[in-house]
Amino acid sequence: MTAKTEKPSDFIRDIVADDLRSGKYKQIRTRFPPEPNGYLHIGHAKSICLNFGIARESGGICNIRMDDTNPTKEEAEYVESIMTDVHWLVDGWADNHVGGAPFYASDYFDRFYEYAIDLIRKSKAYVCDMTSEETDAYRRLGKASGFRDRSVEENLGLFARMKAGEFLDGARTLRAKIDVNAANVWLRDPVLYRIRHASHHRTGNKWCIYPMYDWAHTLSDYIEGITNSICTLEFEVHRPLYDWILDALELPEPHPHQYEFARLNLTYSVISKRKLIQLVNEKLVNGWDDPRMVTISGLRRRGVTPTALRTFAYNIGITKYPSMTDMALLEHTMRDEFNRTATRRLVVLRPIKLVLTNYPEGKTEELDAINNPEDANAGTRKIPFGRELYIEQDDFMERPPPKYFRLRPGGEVRLKYAYIIKCDEAVKDEAGNVVELSCTVDLDSKSGGPTAGRKVKGTIHWVSAVHATDADIRLYDRLFTVPEPDASGDFKSFINPNSLEVVKAKCEPALAEARPEERYQFERLGYFALDPGSTAEKQIWNRTVTLRDTWAKEAKK
RNA sequence: UGCCUCGUGGUGUAAUGGUAGCACUAGAGACUCUGAAUCUCUCUGUCUAGGUUCGAAUCCUAGCGAGGCAGCCA
């Protein structure tokens with residue numbers, strides 16, 4: 001039931017354990033290498049938990065590295081958000097296993113260049129003058145480029161001129177000389193460098209040739225002394241090229257090794273960066289940190305905690321099977337944690353007034369309420385009670401269905417921490433809408449009082465009308481209406497029109513002292529977190545997740 | 001099409017040649033001053049066919065199915 005984040009086990013950790021046992025590596029060094037071209041999402045969280053988790057469990061190190069080799073896509077803004085998100089998730093858990101300040105592939109551009117020259121000298125790379133289309137066509141046919149057999153000197157000269165900016169974008173490339181007929185297309189003389197006359201977010205205009213992923217990534221791993229280079233399944237076919245580069249350069253051992261695992265898929269959501277950026281750009285959500293987004297910043301704003309996210313990552317495991325994880329598992333992970341940790345408060349989301357006709361006018365009582373029944377150390381607080389209250393509209397029905405045991409005309413219900421009341425009349429406006437409930441209170445039934453033990457089936461939450469404070473509450477629901485929005489057609493057509501509802505709530509006074517870092521359970525409703533846009537004058541709350549609601553299921557029957 | 005990888009209840013996973021287990025979900029019940037939590041119970045699984053073996057989810061072969069790759073993106 002509690003978070004079992006201490007001893008995960010999976011095929012990659014088995015390999016790590018073997019590597020250590022056999023002495024292949026003295027210390028494990030992993031890395032988390034995002035490209036700074038978007039915000040991190042829950043799939044990255046899985047990878048972060050894996051890479052930093054392995055470092056943490058094995059006494060190793062995990063580097064954060066910006067894979068910034070494509071100047072046309074990457075921006076400094078993203079670097080900042082990535083660092084914020086990684087630290088939020090890792091601090092207090094694996095922070096003493098972080099490999100210092102973030103590394104940048106762009107810091108190695110000079111060394112990549114030197115390695116490229118070395119590769120040319122070894123006759124294992126050549127400058128190719130074919131267009132992108134020609135390269136593509138030749139590769140499909142398994143046909144060798146006409147420039148494949150240029151001399152080392154000519155290649156060296158051409159490559160230097162590429163670097164010097166003598167050629168237009170796309171005019172030439174540097175290609176590895178491997179095997180134009182290889183069954184694995186990534187071995188058919190892959191491009192190592194392309195020409196891009198573009199300013200880079202860190203190196204400015206120093207370069208006009210930029211290394212491709214395979215070249216940069218493999219060498220970055222080697223330069224940093226990475227031992228286990230863990231990536232997602234789509235890079236599986238790149239592994240032979242990864243190994244080829246290390247061998248072709250005859251780099252001293254030990255070499256890093258690449259392992260692949262399945263990326264995360266979650267029901268009722270889209271996870272790919274491309275799709276998330278569409279939601280942002282087309283304003284279908286309110287930015288990258290919209291609480292309905294499965295970005296790390298969105299989840300954080302929604303109220304998800306690092307511990308819950310790590311527990312979730314542990315629970316889903318690491319495999320090579322491309323699975324579809326049920327959103328219900330994420331929700332369960334949050335409820336499980338918050339049930340143990342959240343401070344309870346009484347809040348009425350959709351208020352209806354209730355008047356206790358036999359309770360003295362002007363009288364106020366202070367009632368004791370428990371802050372967290374799961375945590376004895378959380379203590380108690382006082383809640384003011386009076387003649388006029390607010391209760392939830394849903395907690396009264398004039399003609400209730402079977403098994404409804406909240407308030408009804410002539411019926412009784414317990415007010416949590418207070419009295420048992422009876423509904424005498426539903427007061428209506430001219431249109432016939434119930435606008436107020438007229439009730440009487442059993443004054444002996446107060447919690448701790450003479451008839452407090454009297455059993456009534458229902459207990460509801462409430463708030464004293466004169467003491468209540470106001471707050472805006474954002475009720476979030478799943479962003480999509482179908483389990484697999486990108487299974488077919490346009491995922492945007494499945495957006496849930498009711499994924500956000502804002503209500504004006506009435507809150508018990510103690511909520512005014514709420515702290516942003518704390519999580520709250522509004523009793524019988526769900527778990528909530530203060531939005532960063534909240535102020536002392538105007539509280540704004542985000543619903544992180546509802547409580548399980550078996551009545552909602554029952555009512556649907 | 002070629003190459004690579006992967007198939008265990010509805011979902012996510014464990015079992016590393018020796019009793020198919022755990023969690024989520026769903027359903028039933030107990031308890032309840034949260035229709036929450038907690039507790040009990042139930043449903044449901046090794047893709048198929050051969051083979052090896054005393055014994056196969058596990059090893060082998062074939063088939064079927066799914067995913068990935070085939071950018072001068074990462």
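Proteins come first, then strands; the chains are lettered A, B, ... in the order of their sequence lines, and each starts at number 1. As the structure is a computational prediction, the values presented were derived from the model and not from experiment.
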**Request:** Classify the ring geometry between A:Tyr259 and A:His257 as parallel (under 30°), tilted (30 to 60°) or perpendicular (over 60°).
**Result:** tilted
**Item:** Proximity to the side chain of A:Glu374 - top-ranked nucleotide from B:U13, B:A37, B:U16
**Value:** B:A37
**Side-chain-base donor-acceptor pair under 3.5 Å for A:Arg406 and B:G35** = yes
**Request:** In whole angstrom, give me the gap between the C1' atoms of B:G21 and B:C54.
**Result:** 25 Å
**Message:** In whole Å, I'd like the distance from the CZ atom of A:Arg345 to the P atom of B:U34.
**Reply:** 17 Å
**Message:** Please give the distance between the C1' atoms of B:C24 and B:U61 as a whole number of Å.
**Reply:** 37 Å
**Item:** CZ on A:Phe167 to SG on A:Cys208, rounded to 0.5 Å
**Value:** 10.0 Å
**Asked** Do the charged groups of A:Arg150 and A:Asp129 touch, with an N to O distance under 4.0 Å?
**Response** yes
**Gap in Å between the two C1' atoms, one belonging to B:U58 and one to B:U52, rounded** = 13 Å
**Message:** Rounded to whole Å, please give me the gap between OH in A:Tyr138 and C1' in B:C72.
**Reply:** 17 Å
**Request:** Indicate whether any N or O donor in one side chain lies under 3.5 Å from an N or O acceptor in the other, for A:Gln521 and A:Glu523.
**Result:** no
**Asked** Between B:U13, B:U11, B:C73, which nucleotide has the shortest distance from any of its atoms to the side chain of A:Asp326?
**Response** B:U11
**Prompt:** According to the Watson-Crick and G-U wobble definitions, with both distances under 3.5 Å, which nucleotide is paired to B:U1?
**Reply:** B:A70
**Message:** Checking one value: the base orientation of B:G71, syn if chi is within 90 degrees of 0, otherwise anti.
**Reply:** syn
**Prompt:** Between atom CD in A:Glu260 and atom P in B:A74, what is the gap in whole Å?
**Reply:** 18 Å
**Message:** Can you tell me which nucleotide in B:C72, B:A74, B:A37 comes closest to the side chain of A:Asn339?
**Reply:** B:A37
**Asked** On a plain distance test, is the side chain of A:Gln521 in donor-acceptor contact with the base of B:U34 below 3.5 Å?
**Response** yes
**Message:** Taking the minimum atom-to-atom distance to the side chain of A:Arg139, which one of B:C6, B:C69, B:C72 wins?
**Reply:** B:C72
**Complete:** Here the distance between atom P of B:C47 and atom OH of A:Tyr321, to the nearest Å, is 11 Å
**Request:** Could you check which of B:U25, B:U13, B:C72 has an atom nearest any side-chain atom of A:Arg548?
**Result:** B:U25
**Request:** Look at the side chain of A:Glu234 and decide which nucleotide, out of B:G12, B:A74, B:C3, has an atom nearest to it.
**Result:** B:A74
**Request:** In whole angstrom, give the distance that lies between atom CG of A:Asn265 and atom C1' of B:G10.
**Result:** 17 Å
**Asked** Ignoring hydrogens and angles, does a donor from either the side chain of A:His238 or the base of B:A70 sit under 3.5 Å from an acceptor on the other?
**Response** no
**A:Thr325 side-chain N/O to B:G12 phosphate OP1/OP2 under 4.0 Å** = no
**Prompt:** Quick one: do A:Glu166 and A:Arg161 make a salt bridge, cutoff under 4.0 Å?
**Reply:** yes
**Prompt:** Given B:A26, is OP1 or OP2 found less than 4.0 Å from the side-chain N or O atoms of A:Lys553?
**Reply:** yes
**Request:** Rounded off to whole Å, could you give me the CD-to-P distance for the A:Glu484 and B:G12 pair?
**Result:** 10 Å
**Request:** State which of B:A14, B:G35, B:C24 makes the closest approach to the side chain of A:Leu329.
**Result:** B:C24
**Prompt:** Does A:Ser323 have a side-chain nitrogen or oxygen under 4.0 Å from the phosphate oxygens OP1 or OP2 of B:U13?
**Reply:** yes
**Residue that, paired with A:Asp189, satisfies side-chain hydrogen bond (donor to acceptor under 3.5 Å, both in side chains) out of A:Arg139, A:Arg175, A:Arg148, A:Lys177** = A:Arg148
**Request:** Could you check A:Ala452 against A:Glu236 and say which one's nearest nucleotide on RNA chain B is further toward the 5' end?
**Result:** A:Glu236
**Message:** Please confirm whether the shortest side-chain N or O distance from A:His461 to OP1 or OP2 of B:U34 is below 4.0 Å.
**Reply:** no
**Prompt:** For the pair made of CD in A:Glu337 and P in B:A23, what is the distance, rounded to whole Å?
**Reply:** 19 Å
**Item:** Whole-angstrom distance between B:C22 and B:A74, as gauged at atom P
**Value:** 47 Å
**Asked** How long is the gap from CZ on A:Arg414 to CD1 on A:Ile421, to the nearest 0.5 Å?
**Response** 10.5 Å
**Asked** Nearest to the side chain of A:Leu547 - B:G35, B:C73, B:U34?
**Response** B:U34
**Prompt:** Mind checking the C1' distance from B:C59 to B:G18? Whole angstroms is fine.
**Reply:** 15 Å
**Request:** Compare side-chain N and O positions of A:Thr459 against OP1 and OP2 of B:U32 and report whether any pair is under 4.0 Å apart.
**Result:** no
**Pairwise 5' ranking along RNA chain B for A:Tyr527 and A:Asp68, keeping only the more 5' one** = A:Tyr527
**Fill in**
Taking B:C72, B:C3, B:G7 as options, the one with an atom nearest any side-chain atom of A:Thr173 is B:C72
**Message:** Tell me which nucleotide, if any, is Watson-Crick or G-U wobble paired with B:G65 when both distances must be under 3.5 Å.
**Reply:** B:C6
**Message:** Distance check needed: B:C6 C1' versus A:Leu233 CG, whole Å only.
**Reply:** 8 Å
**Prompt:** Would A:Thr311 and A:Glu337 satisfy side-chain hydrogen bond (donor to acceptor under 3.5 Å, both in side chains), going step by step from the backbone distance to the final call?
**Reply:** CA-CA 9 Å; A:Thr311 304; A:Glu337 174 175 308; 5.0 Å; no
**Message:** If I pick the C1' atom on B:G17 and the same atom on B:U46, what distance separates them, to the nearest angstrom?
**Reply:** 15 Å
**Message:** Using atom C1' in both nucleotides, what's the gap between B:G27 and B:C4 to the nearest angstrom?
**Reply:** 42 Å
**Message:** Between B:A15 and B:U48, how many Å separate the two C1' atoms, rounded to a whole number?
**Reply:** 23 Å
**Message:** Within this structure, what is the OH-CZ distance for the pair A:Tyr108 and A:Arg65, rounded to the nearest 0.5 Å?
**Reply:** 6.0 Å
**Prompt:** Hey, does the side chain of A:Arg140 come within less than 4.0 Å of B:G71's phosphate (OP1/OP2), counting only N and O?
**Reply:** yes
**Item:** Within residues 184-194 of chain A: residues closer than 4.0 Å to RNA chain B (heavy atoms)
**Value:** A:Val185, A:Trp186, A:Val191, A:Arg194
**Fill in**
Of B:U32, B:G35, B:G12, the nucleotide closest to the side chain of A:Trp551 is B:G35
**Asked** Should the ring pair A:His238 and A:Tyr213 be called parallel, tilted or perpendicular, given that the plane angle runs from 0 to 90° and is split at 30 and 60?
**Response** perpendicular
**Message:** So, taking the atom named OG1 in A:Thr440 and the one named CG in A:Leu356, what distance separates them when rounded to the nearest 0.5 Å?
**Reply:** 8.0 Å
